[in-house]
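Below is one structure, written out as structure tokens; the observations come after it.
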Amino acid sequence: MTTTLLAGLAAIAAPATVFVAAGLAPATALAQDYTSGTLSGTVKDTSGAAVPGAAVVVKSLTQGFERNVTTDSNGQFRVPLIPTGGYSVAISKEGYRSTADGNVSVALGSSAYTFTLASDAEAVSEVVITATANPQLDFAGTTTGLVVDLETLTKRVPIARSVTAVALLAPTVVRGGSSSDATFANQPSIGGSSIAENAYYVNGLNITNFNTYIGGATVPFDFYKTIEVKTGGYPAEFGRSTGGVLNAVTKSGGNDFHFAVRGNWSPSSLTEQSKDTFQNANHRDYDRSESLTFEASGPIIEDRLFFYVMNQQQKVVSKFASKTTNSYNIDTRNDPFWGVKLDGYITDKQHLEFTWLDTTRQTDRRTYGYDGDTDVVGSQLQSTTAFQAGAPSWVGKYTGSFTDWFTLSAAYGISKDRDNTIPGNSADPLVNDLRSGTTSRISQQSNGNNDFPLNTKREFYRVDADLYFNLFGKHHIRGGFDEEKLTLEHFTERTGGVRYQYRRGSASNAQGVAAGQDYLELQYFRTGGEFSGKNRAYYIQDSWDVADTGLTLNLGVRLDKFASANAAGENFVEFDKEIGPRIGFTYDPTGDGMNKVFGNFGRYYLPVASNTAYRQGASELFFREFYNAPAGGFVIDPVTGLPAAIGSQITQATNPGFVSAAPCPAGGRGPAGLDACSVTSDGSVLPTIAAISRNLKSTFEDEYILGYERRFNSLWTGRVVLSYKNMGRVSEDVAIDAAVLKYCAAQGISGCEDIWTGFHQYVIVNPGFDQTIVLRDTIGNDAAGTLREINFTAADLNYPKAKREYLGLEVSFERAFDGKWGLQGSYVLSESKGNYEGFVKSDVGQDDAGITQDFDQPGLTEGSYGYLPNHRGHQFKLFGSYAVTDSLLVGANYSLLSPKKFACFGFHPTDAFAQVYGAAAFYCDGKQTPRGSVYQGDWNSNLDLSLRYTVPAKWSVGGNLVLRADVFNVFNSKAVTDTWEFGEVGGVGDTDPNYKSPTGYQAPRSIRFGFDLEF
């Protein structure tokens, strides 16, 4: 972290730290889980004194159930683990006039209010009695983030219809991005983490993509009722994330029948065009989206059994042109979505829930030839593609409040997903031409891989219990257990069995090809299998209001256990002692519930992504052969892109500069065993004992939070939060070949260089730590089949410790909507630096969670420390709405983000093994170019506006009709969001002509129309 930023944040944080000692006041320990909220209140008389022994009746406005409680000696009451929504609260006590509030809101987590009772002795003229509950700050938790009621949000603010768009409203959340994979921009980066470290839940069902941990199952926006974005400080119940938790609750039925039709239409004719890039002809983009959503809900048995059913019909058409693949693509999708939610009450205190959703969908792609120079679309290519996604999932849950001091809940469910890419033509190979420095497809085949099946299944169950008692103050102890059984089925192979790539030599070519000389690369890749895993966790957390001090301590601990098996069913990664403390505090210095100082320390562990087993635990074959051009050069078939003839094979013997050449595996064009290939994996199953270090430990991050929050009145609140996150350790794969060769040289063992040729043994280790590793082959005079175990020091392996630090100061406020206007905003000053982004590598668009190329070779780590891809030093966000009339409401959503910082990726000048990776090192022209130090992109400013018009009842077809219009990126800002960060193309000093060229811009201005008709 820079000295300036640390000093500035310390100056702001110091007064808050001193303020902690100023005073203490009582708070109420509250319960929260994935789907419920807790209502707490304090009943006072008109003088402000607590009213003990008051009877409180809380009744659901939609489902009719009641809870009856009594205030304690401090005038406080608690109604735990009830569905979110509206409730009536009636309070009475002998000697006091009863009061009631007909609509008290309970959100996810906890909702706290104060109520006032006037005594019978007071004259009516002396006191004004209102039935309004006055909101208080939540003193039960230290979680930072945002809770959003989507029905309210979409009525007031322009928002894209995705969970990511909601998450982006929260402080510290930025959009991901990669010059090599545009889909990264659809995912949120939270608090400096990568986009692959978040957890996603729907009604308690974990829908996180456990294959790569990028995103979760796609669920239609209208199915959601509430989304909670936890950006930090979450309690022991939540885990398996070092980023954020995105927790959603769906809509439910009630005692009244409701029907709704919602429509959305985004015409392409009202969408502006982005600037073209060297990769894409963006002026040819066409996007049209139309959807109709039908909703029905109501009682099956009044006060006892309720239903909610949703069906969405959607049609999406997208057209786009790629210059690099010489293709014009038309994607169409027209699949329905079904969602069902059932709620049943055995008694008012025994609640059953069942959720079923079917996200099955398919996108069909037709591909045409395209000439980027002439902007001409050609005939349709032979290959079509089907992209299959989604699957049915379900979850059932029981919650029972047996007494005022004990609540039990249990859940069981199955979530499924798929991500299949099925080419219509799988027999022909993909052929690319890279001789100009830019990749260009020249074959009819447009698909590089047969990537199917790719199916995931998560089966889970959990049990949670809440216990309340008094012992030196009030305690709320929540504990539980959950287990997930994971199954991944994934197979991949190059279309046609091989990929052809025409290349051109340079002065420092890794294969020793002379500058200007053409040659051909043949690339072979095949892997797959069925892989299982298991995640298990135990947790306990005590929220303790210390007697007579008012100090609330949140003391928790979580034990995580992770296991992942290879294709043979053998556990090759198993962690069982991952202990994560969660320790926090809150208090009120002024004793009136209007001020809150809080702090938290938490340790969070990441599970093993199933993709790690797919890459490390399968019989993966990945190697490349190289061939000279024939006399007279390559004669290329204009349809298939294949050469009419191929010259001689490039070997270490013919090209002594090809120092990294390894024996070729069987299955290529040339003979097996010839020193003529770059081999990443040879098709054999890596022995389990040699796949990971013997003392491997899991990935974890520590987080520290200190904050202050103030409620100025019933409408205005403000918050200041200082947070620091430090990645303590990571598990990543490294090549140990260089270390083995040094070991053999030191021990006088010959023949190692024939086996460990740079890419022979990749092992999952904790970079920067001493590691005990078993070699995958016999060496020296060891008996045949004997695998030697070696204690390598961190210096022997020559990989630095993984570093990632995030330091952020968040200042936010909210002015609640009062029927006329509301406003919410934040500013974040932050710094995110390190040599490790996380589970993905945005620099190259790599989504191999836990097995990226960050630590593949020592040379790739040099210069890797600096500003990370998701660093945005300044983040301004502002959104709100204003009611012009009772029928017309205007909304706005504005953000301003500082630029992304870039480096220069090129060929390592001295590490021969790193050179084989191409432009992947932090070197250009032989000079080190540290991460994020060379140049930066643009400031990103974006304004969205919305109009909502409520049609008068006499014109609204017997229901409540609201017409909507949203304009996104009103000023059509065109800031550069990503650039081509690769400075070399063929070797050291061979400049890439596209270096620093923009690869992505802000989404252009677009307009969406919609309506909501409710009965």
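Excluded from the calculations below are hydrogen atoms, water molecules and symmetry mates; all remaining heavy atoms, backbone and side chain alike, are included. The model shown is predicted, which means the values in this text are computed figures rather than measured ones.
- In this structure, F320 has its ring center no closer than 6.0 Å to that of Y328.
- Interatomic distance, F907 CZ to N509 CG, rounded to the nearest 0.5 Å: 7.5 Å.
- Only one option out of T172, N198, L868 pairs with S193 in a side-chain contact (heavy atoms from CB on, under 4.5 Å); it is N198.
- Between Y614 and H490, the ring planes are parallel. Angles under 30° get that label, and only those over 60° would be called perpendicular.
- More than 12 non-hydrogen atoms from other residues, nucleotides or ligands lie less than 6.0 angstrom from CZ of R504.
- With salt bridges taken as basic N to acidic carboxylate O contacts below 4.0 Å, none links D518 and R503.
- One finds no salt bridge joining R499 and E521 here, because no Lys/Arg side-chain nitrogen approaches an Asp/Glu carboxylate oxygen to under 4.0 Å.
- Annotation: K996, atom NZ; neighbour count of heavy atoms from other residues, nucleotides and ligands within 6.0 Å is above 12.
- Contact of the I773 side chain with the S693 side chain is registered, since non-hydrogen atoms from C-beta on lie closer than 4.5 Å.
- A search for side-chain hydrogen bond (donor to acceptor under 3.5 Å, both in side chains) contacts involving Y995 returns nothing, not counting sequence neighbours.
- Comment: D375 engages R284 in a salt bridge, judged by a side-chain N to carboxylate O separation of less than 4.0 angstrom.
- Taking the six-membered ring for Trp and the full ring otherwise, Y627 and Y519 have centroids separated by 6.0 Å or more.
- The list of salt bridge (Lys or Arg N to Asp or Glu O under 4.0 Å) pairs with a residue in residues 912-937, not counting sequence neighbours, reads D843-R931.
- For E753, the side-chain hydrogen bond (donor to acceptor under 3.5 Å, both in side chains) criterion is met by no residue, not counting sequence neighbours.
- Using cut-offs of 30° and 60° for the angle between ring planes, the F278 and W980 rings count as perpendicular.
- For the side-chain contact (heavy atoms from CB on, under 4.5 Å) criterion with S322, the lone passing option out of T367, N280, T439 is N280.
- Residues E862 and Q928 form a side-chain contact, since some pair of their non-hydrogen atoms from C-beta on lies under 4.5 Å apart.
- We find that K725 and E805 are not joined by a salt bridge, their nearest charged nitrogen and carboxylate oxygen being 4.0 Å or further apart.
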